[in-house]
Amino acid sequence: MKKSLPAVFFLVISLFLILIWFRGGHLFAGGDVGFQALNPQRVLENARYTWWDATAPGSAIPQGLSAIPFQLSLSLLQNLGFPPVAVQATLFFVLLFVMGFGMYLFLIDKLKEESRLYPFLGGLFYMFNPYMMIQVWHRFIHTTIILAAVLPFFAIFWDKWIKKGSIKNLMLFLLTNLLAVYIYGTYAYIITVWIFLFFITITSLTPWEGRVKLLQVSGKFLFGFIIWILINCWWLVPVTQISPALLSVQHKSADSLINLIMISGQAILPYSLQLINPFYPFYQAEFGSVYKNTLLQLIPLIFVTVILIGLIRSFKSKTFSLFGIFFLLAAFLAKGGAPPFGALYIFGFKNSFALGVLRNPFEKTGLILVFFATVLFVLGIQKLKNRLIILVVLISVLVFSWPMLLGKTFGSVERKGDVEVPQSYKMANEWLKEQRTKGVLDGNILHLPLTRGESVRYNWEFGYNGLESSDQFFTSHPSISRGFNVQRTDDALTALSLVFRKSSEDSNKILKLLQNFNVRFLVLHRDLSWQGTDIDDPLEVEKVLNKLYFIEKKGNFGELVIFQVTDRFFGPKIEIQNSVSIVNPHQVNMGIWPWLGEVSNNFFVSPFQSQKIDSNIKSQVQEMLIFPQNAFVYPEASGSSLGELTEQLSSHLNNLASTVSYMKQLGLVEPITEKLAQNIILSSNKLVEAYNQQSFLAGYNDLINSILPEVNNPSIVYIERLKNDINDVLKIHELFLSLMQKRLNGAEQERVRQSQDKIREFLKKESLLPYFAVTDQATEVGQRQYYNLWVDWPGEYELVLTDAKTKDNYIEKFDKIDFQINGQQKALSGYFNGNLVSFGLIDLNQGLNEISILNPSPLNLVVPFENLTKFGDIKLSGDQIQMIPNQSSPAIIESPLEEIGGGDIYQVSFTGQIPTNVSVYLQIVQDSDPVEQGNKIPRISVQVFGNQSGSWQNYKLRLSSLSAVTQKASFRLAVVPINLQAFSSGSTLIKNLRVIRVFNNNIFLRSDIQSKEVNEPTQTVKFTKINPVAYEGTFDLRKPGFLFFKETYHSGWKLQLTDESKTFIADNHYLGLLYGNAWYIEGAGKYKFKIIFDPEKSFYYGMILSGIGLFGLLSYAVVIKKLKK
Amino acid sequence: MKSSKIILGILVFLISFYVFSLLEFEPLNQMMSTYFQSLVFSATLSVAILMPAFRLKLFYVAFLLLFIMGGFYLLQQLPWANAFSSLGVGILLIVSLTYLPELFKKGVVEKL
């Protein structure tokens, strides 16, 4: 009984916590993991395969395999009849117990003392330290929770294996690994676990017993490592085969580096030593403002002192002699790039993409720090001896962890973590499942409004904020419900997200998209919190849905409304099509999708990456659609617009300087980057000065020679964020140098030419230099839009401009536009066709073609004074608007903007007399702006100030682009006192106020290849889905055509065809519908087919290797046993 | 002190100063010059190697710096707290690592 007392104690503590946490009877869900305990069987169904289709249009998630043992355990509880809350409570109970008791067992084994007090205190500290509260439970990442629980057991078993060579302990270690294999769903934990095991291994080498011992220990480490790899091959092989390609699309080295630096700024030693991530308790105050209290902040310093005492004691302890050093090394791992010695991390990240998995080092490696801190804490406590002091330390640790004790560790003060999914979700799911039993097997469920990100908020009574989890709620068919963080798929989904709105209401376009995405059901979520986010108002979406002729409303389930696409209009998952357009290039941005729906009813096929479409296939398609592979703006200049060019230059330099200064505050700027920015500013000043004074360009060449190599130097942290401004500055330099050359001669001209050539070469590499620059022409906007289009087959193409509805922002309304096509000026007349404007046929060469557009003359969008919305003291005197704010009210004028669209950019100019005690805000108020206390908070807002002299001054600013979902917007000019208390009076005068739309419409080319009348009627494909990675069926092909498979494109999808004579793999695999798969099948005839996800094989290869590993281990165990006998 | 020890000390100091300077990532260390920090670290390493008897005192210096860190932390002076903790923990690590030969040889440090 006495022996089991500690276990009972930890059981009681765990039970106590669980009873408090779950006293409301609600599930905890949210964050990055969503609902883990809601429906484990559903997760298990997905995790069994390397391809997950439950979240349509599907993606490869090989690391999901590692979730099988974990989800299997939870689904056993589910099968036993446990409701989700009980499943989660049981899971957390077990994990809490394992955490505390595991640490206790490790310490009791190491301390070998009669007194169990210190191991017990160690177990308690391991359960209740700030890291566990914030980073483990509050963060709610289940892989971290499980790793925290099993880490002490890893230490126990691995230590015994290394020290005693006990094969039983190696087996126990591997078994613990298998039970906890879910942790490796976070790739970084592979590194974390092995660093930890390496530390534990090193302890076996003290005291030194010679090289033989070293070899023995190294051998056991290697043997254990190899066996671990072999036994884990069942998930490691698929992960290593599939993940690298996916990760390289989802993450960029530069982004990982920026994340590392940002997070390292939070993981500085004053916090890391206290095991605290300040972001949640201090910056976000998610547990309330109480953690800002100095007394509470003092508590962690108490246990840090105890740990430091333990650190000194560790050197004198035979058992823990290296633990002090390991603690310090773990602190270095956890703090990332923070000082001291932070450059090691930065160097690693710059040179290794794989290290990107550690971009949040405190989160990924912090548990090693906690483990060693716990051991040192116990050593420190032992030194204290005085029971009263020990009690004070212990109480202070528990007080700091009060949210854990009171069940407030999940969620935040504003948004509780407990969730209750409304019953209506269950009812809706039941209805959908019923449809499946009735034979409606094919099709996806589209959830509207569709978020393009990964998370949502539901305003349920016990609301939810976290990963979009419709695939958990709706189990009958795959759900299209969120983005994938893969640009190509997300761009395609963006079209689906934005099409259900009044402004773009076009039922044919909606139908085409629904068919292209294999949508059978639409579920409208009226309970979605949409305001201030990038998704549409559900009630507006409902109005659009109610008008669509091809869907039927099937019922209301609480706040959910289900619609079904009628059979006649449904687009099956696998189709044969002859009505095909080639869309080039495939790496397009989301801007393309709406226009594809507008322009053609065909199916789309694109060559993938460097793939070429041969002329044989070309003859089978109906049309070619070519979108720009590159679009950019270039500043305009003429002799008379130089002043404007100088203003543009100083505006870009100001941006550059303020970005660098802001980044410096965040600790994101290296001296080399700062120096680069300074050199750019210095060279610009020299250039303008030399131009104005017509003097010699001294020192400029040297500066340019030093600047250009650095701009693309991969070792410069954060350069990506500065690059746009740097490129804009260099474009203006190029123009200035071009103008200077004309008035110079001899050596000076040559010197200028050299600099210009270098800048031109740089801009050319960046694809930002016009091949056919337009000189001596400048419009009000001061820049010209250039497009580069790649043409495979020379000939005549129709030139089409998008966003025709923006015509009302221009004087000539796109009736005529001045183009420059490969250097030739052409004024073309436009013909309107829906939201497109066609400018007729143009001749284009094979290869790269350049088209640029002279900005159409814009209209001033500010309405007359009497129509302005006014707030405060505002008068019109002559041509001047007088705005007088006071202490209780700012002075505001607002003008509505018509015919707007997401992505629109506006330029504001005015002449103003602004006193120094006010600032003027230029804002665009959008319907999608967040609302706080009933007021919209404009996301587009620029502040300008007056000058000391109080004289008239000209202002010209280009504002940021509108949000993609914006449908209504207005321009606002607000005069606001800078210091309300000190403000007495001040009148601001404004005249010549102009707001114009900056022309940024897209263009594309269209060429008819075949007459549309030759289309064959759609040919039916009979198919069955065997599982998410295998489909089979038959079709009868009457003429060559394309087979479309509406699952996300992956080169691993293979089409196996069997005709009368042979079985073969189709080799013309293209990108279909810009997100899915398409194969060209040349020969007519009857076919049987199979579509399989080939990388799934790696799972079976991995299983074989795991079997070999297990067999090897067992054989070794038997041999060792026999040898011992 | 023997001249060979002095030469060794200078060598250790110069080489470690160069290495420590390379290891610093300046942007996240706003309050303390990285050169000053590297200077302190290389001096610490030189003293710890050449005059092992002073190592315990170096520990005390590190603890003092960490104590000052606590003060700045409670006064919400994070950049200063960061600078002092960086120095303190850096010294702790450097001095601790100089015990490694003894730790591996004997398993414990008999006299700090």
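Throughout, a chain's letter reflects where its sequence line sits, starting with A, and its residues are numbered from 1. What you see below is based on every heavy atom in this structure, not just the backbone, and it leaves out hydrogens, waters and symmetry mates.
- Heavy atoms of L66(B) lying under 4.5 Å from chain A belong exclusively to its side chain.
- Interface residue L301(A): only side-chain heavy atoms are found under 4.5 Å from chain B.
- A distance of 7.0 Å separates CG of N82(B) from CG of L269(A), quoted to the nearest 0.5 Å.
- Crowding of K213(A) atom NZ: a count of heavy atoms from other residues, nucleotides or ligands under 6.0 Å exceeding 12.
- Annotation: F347(A) is not in aromatic contact with F25(B) [ring centroid separation under 6.0 Å not met].
- For chain A, no part of F84(B) is nearby; none of its heavy atoms comes within less than 4.5 Å.
- For I94(B), the part sitting under 4.5 Å from any heavy atom of chain A is the side chain, from C-beta outward, and nothing else.
- Going from atom CG of L78(B) over to atom CD1 of I268(A) covers 4.5 Å, rounded to the nearest 0.5 Å.
- Heavy-atom distances place the side chain of Q274(A), and not its backbone, under 4.5 Å from chain B.
- Using a 4.5 Å cut-off between heavy atoms, E110(B) contacts chain A through its backbone alone, with no side-chain atom that close.
- Atom NZ of K163(A) is surrounded by more than 12 heavy atoms from other residues, nucleotides or ligands within 6.0 Å.
- Side-chain N or O atoms of T206(A) include none that pairs as donor or acceptor with a backbone N or O of F104(B) at under 3.5 Å.
- Heavy atoms of F41(B) lying under 4.5 Å from chain A belong exclusively to its side chain.
- For the pair Q297(A) (side chain) and L74(B) (backbone), a donor-acceptor distance under 3.5 Å is absent.
- Separation of the Y271(A) and Y73(B) ring centroids falls under the 6.0 Å cut-off.
- Looking at F59(B), the atoms closer than 4.5 Å to chain A (heavy atoms on both sides) all sit in the side chain, from C-beta outward.
- Across every non-hydrogen atom of F332(A) and L93(B), the tightest pair is CE1-CD2, 3.5 Å.
- Counted within 6.0 Å of OH on Y283(A), heavy atoms from surrounding residues, nucleotides or ligands total more than 12; the atom is thus considered enclosed.
- Using a 4.5 Å cut-off between heavy atoms, S272(A) does not touch chain B at all.
- Atom CD of Q76(B) is separated from atom NZ of K292(A) by 9.5 Å, given to the nearest 0.5 angstrom.
- Of the residues considered (A331(A), P270(A), S264(A), S314(A)), P270(A) shows the highest number of contacts with chain B, using heavy-atom pairs under 4.5 Å.
- Summarising the geometry, atom CG belonging to L103(B) is positioned 11.0 Å from atom NZ belonging to K316(A); distances are rounded to the nearest 0.5 Å.
- The part of L311(A) that comes within reach of chain B is its side chain, from C-beta onward, which places non-hydrogen atoms under 4.5 angstrom from that chain.
- The aromatic rings of Y99(B) and F315(A) sit tilted relative to each other, their planes meeting at an angle between 30° and 60°.
- The side-chain heavy atoms of F67(B) and L308(A), taken from C-beta on, include no pair separated by under 4.5 Å.
- The line from CG of L97(B) to CG of L329(A) is 6.5 Å long, rounded to the nearest 0.5 Å.
- Between chain A and the residues G88(B), A81(B), G90(B), the largest count of heavy-atom pairs under 4.5 Å involves A81(B).
- Across K105(B) and P207(A), no two heavy atoms sit closer than the pair O-CB, 3.7 Å.
- Neither the backbone nor the side chain of F327(A) comes within contact range of chain B, judged by heavy atoms closer than 4.5 Å.
- Looking at every heavy atom in both residues, L328(A) comes nearest to S96(B) through CD1-OG, 3.6 Å.
- The two residues L273(A) and M69(B) have their closest heavy-atom pair at CD1-SD, 4.2 Å.
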